[in-house]
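Proteins come first, then strands; the chains are lettered A, B, ... in the order of their sequence lines, and each starts at number 1.
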Amino acid sequence: MPELPDVEIFRRYAEKHALSQEIQDVSIKDDKIAATSPQTLKKSLTGHQLKKAGRVGKYLFLPTEGETVLVMHFGMTGWLEYQKQEEVQYAKASLHFDSGYYLHFVNPRKLGRLHITDNIQEFSRYMQIGPDALAIREEDFLQKMKKKKGMLKSALMDQSFLSGIGNIYSDEIFFQAGLHPKTKISNLNEAQLGNLFIRMKEVLSLAIEQRADPENMPEHFIIPRRKEGSSCPSCGGEVRKDKLSGRGFYYCPRCQGGKSD
DNA sequence: GTCTTTGTTGGCAC
DNA sequence: AGTGCCAACAAAGA
């Protein structure tokens, strides 16, 4: 679930509900998700308020009014829940506000992480988080792509190169751009790279507009057809499945070329 | 029981 | 150094 559009929805959710109220108590229900020690997480947050909700790639940044910033990463499965109920299934950490409400960090597979940092820039550098896929400017994107080697899909999913795009949305971006995911970057011309940039922004923005809800994806998206045997929304041909570095991906052979190298 | 899954990381090979 | 691949992590669903 949590790629850039999903995390952007979580960011807005946190911004709407969880800011400017005192955190009374912090409970870490599973130490596995605590990238910063549970003691430090509790000490840094208790008695403070979250003041902002920012995002870079798949990371959510929640600065307090003090020095410290709560950082969330959701892993393969996870979301936020703001409610009065103290116990929520799969909640691995919970902030208890003085309003009585809880912000639950829900993470069924325990692959998500919570960090505390006092400097977002430093944290981003240390974690090697590349420029945000929605924030990057075209000239920077083109410049980076021209220097990058290897296959398209590997590049767009490389979080240190460009952050926010995962397996699902990369499939959609390549479908919209009419490019095969295994295309070698070096075989693309300026126009194709420019088009890729436009499609990338378009797919991410549209997904956010649909609140990153898979049920609400536009008709012309391939995401709802990520199943073997389904038909391409554009040409009606059969959607095919392949693998790259162990990750399955879906594409339309007719609309996205053979391999174009 | 087996395989696959929306993410990341560390190890190995080239 | 950069690129590709795999296993591992964890748990749920097909």
Side-chain angles (χ1 to χ4, degrees), chain A residues 1-11 29-36 55-60 71-80 88-93 105-115 123-130 132-133 144-175 180-187 203-204 206-208 210-217 221-230 239-251 259 261:
Chain A
M1 193 189 201
E3 298 185 37
L4 187 153
D6 309 275
V7 180
E8 175 60 20
I9 297 305
F10 302 158
R11 187 196 71 73
K29 300 181 169 77
D30 190 328
D31 288 358
K32 264 238 157 63
I33 58 95
T36 298
R55 180 192 60 73
V56 175
K58 301 171 188 172
Y59 285 86
L60 185 56
V71 186
M72 297 181 165
H73 189 287
F74 294 87
M76 281 183 75
T77 313
W79 58 90
L80 294 175
V88 166
Q89 194 179 26
Y90 303 127
K92 303 300 179 195
F105 179 75
V106 184
N107 207 246
R109 295 183 201 173
K110 303 183 188 178
L111 293 173
R113 295 291 181 265
L114 297 185
H115 310 247
F123 178 86
S124 302
R125 204 176 328 124
Y126 178 71
M127 298 296 285
Q128 303 197 57
I129 308 172
D132 183 80
K144 284 174 72 71
M145 287 301 274
K146 285 176 194 166
K147 281 187 284 188
K148 187 82 170 166
K149 297 185 178 174
M151 294 177 270
L152 261 187
K153 188 173 173 69
S154 309
L156 260 64
M157 286 179 61
D158 177 350
Q159 303 299 302
S160 64
F161 176 74
L162 184 71
S163 67
I165 297 170
N167 204 31
I168 298 274
Y169 286 103
S170 71
D171 279 7
E172 191 62 58
I173 291 164
F174 299 130
F175 176 68
H180 191 289
K182 285 186 174 175
T183 307
K184 296 262 199 319
I185 299 172
S186 54
N187 290 337
V203 165
L204 296 174
L206 278 174
I208 292 168
Q210 302 309 316
R211 305 172 62 208
D213 181 351
E215 308 289 308
N216 284 330
M217 287 304 146
F221 269 27
I222 199 174
I223 287 179
R225 321 277 184 114
R226 289 177 99 261
K227 269 175 274 186
E228 265 173 305
S230 56
V239 168
R240 289 255 274 278
K241 184 183 184 184
D242 196 357
K243 262 190 181 185
L244 176 61
S245 311
R247 306 301 301 274
F249 67 85
Y250 295 82
Y251 70 107
K259 199 160 291 183
D261 60 358

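A donor-acceptor contact shorter than 3.5 Å links the side chain of A/D132 to the backbone of A/G57.
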Pairwise N/O distances under 3.5 Å, protein to nucleotides 9-14 of chain B:
none

Atom pairs, protein N/O to nucleotides 6-9 of chain C N/O, distance under 3.5 Å:
none

Atom pairs, protein N/O to nucleotides 11-13 of chain C N/O, distance under 3.5 Å:
{"residue": "C/dA11", "atom": "OP1", "partner": "A/K110", "partner atom": "NZ", "Å": "2.7"}
{"residue": "C/dA12", "atom": "OP1", "partner": "A/Y90", "partner atom": "OH", "Å": "3.1"}

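Within the structure, a side-chain polar atom (N or O) of A/R247 is placed less than 4.0 Å from OP1 or OP2 of B/dG7. Dashed line: the shortest gap from a side-chain N or O of A/H73 to OP1 or OP2 of B/dT8 is under 4.0 Å. For the pair A/K58 and B/dG7, the criterion of a side-chain N or O lying under 4.0 Å from OP1 or OP2 is met. The side chain of A/K148 contributes an N or O atom lying less than 4.0 Å from OP1 or OP2 of C/dT3.
At whole-Å resolution of the value, CZ in A/F10 and P in B/dG7 are 12 Å apart. As rounded to whole Å, 15 Å separates atom C1' of B/dG7 from atom CG of A/L114. Atom NZ in A/K241 sits about 13 Å away from atom P in B/dC3, given to the nearest Å. Atom-to-atom, CD of A/Q128 to P of C/dT3 comes out at 13 Å; the value is rounded to the nearest Å. Atom NZ in A/K147 sits roughly 10 Å away from atom P in C/dG2 (whole-Å rounding). Atom-to-atom, CG of A/N167 to C1' of B/dT8 comes out at 13 Å; the value is rounded to the nearest Å. Rounding to whole angstrom units, CG of residue A/D158 and P of C/dT3 are separated by 8 Å. Per the geometry, CZ belonging to A/F249 stands 14 Å off C1' belonging to C/dC5, to the nearest Å.
A/N107 approaches A/K92 most closely through the heavy-atom pair O-CE, 3.1 Å.
Checked against a 6.0 Å centroid threshold, the rings of A/Y251 and A/H180 count as neighbours. Aromatic rings from A/F105 and A/F74 are positioned such that their centres are separated by under 6.0 Å.
Put simply, CE on A/M145 and CD1 on A/I185 are 4.5 Å apart, with the number rounded to the nearest 0.5 Å. Taking NZ of A/K32 as the reference point, atom CG of A/L114 lies at 14.5 Å (rounded to 0.5 Å). From A/I173, atom CD1 reaches atom CD1 of A/I168 across 11.5 Å, with rounding to the nearest 0.5 Å.
A stem is defined here as three or more consecutive Watson-Crick or G-U pairs, each with both distances under 3.5 Å; for DNA chain B these stems are B:2-5 with C:11-14, B:7-14 with C:2-9.
Distances from the side chain of A/M157 to the nucleotides B/dT5, C/dT3, B/dG7 place B/dG7 closest.
In this structure, A/D6 has no side-chain hydrogen bond (donor to acceptor under 3.5 Å, both in side chains) partners at least two apart in sequence or on a different chain.
When A/Y59, A/F10, A/F123 are each tested for a ring pair (Phe, Tyr, Trp, His ring centres under 6.0 Å) with A/H73, only one passes: A/Y59.
Heavy-atom neighbours of A/K29 NZ from other residues, nucleotides or ligands within 6.0 Å: above the threshold of 12.
Nucleotides B/dT8 and C/dA1, compared at atom P, are 24 Å apart to the nearest Å.
A salt bridge (Lys or Arg N to Asp or Glu O under 4.0 Å) check over residues 150-167 of chain A, counting only residues at least two apart or in different chains, returns the pairs A/K148-A/D158, A/K153-A/D171.
Taking 4.5 Å as the limit, every side-chain heavy atom of A/Q128 sits out of range of all side-chain heavy atoms of A/Q159. A heavy-atom distance below 4.5 Å is found between the side chains of A/L206 and A/F221. Here the side chains of A/S160 and A/I129 are not in contact, with every heavy-atom distance at 4.5 Å or above.
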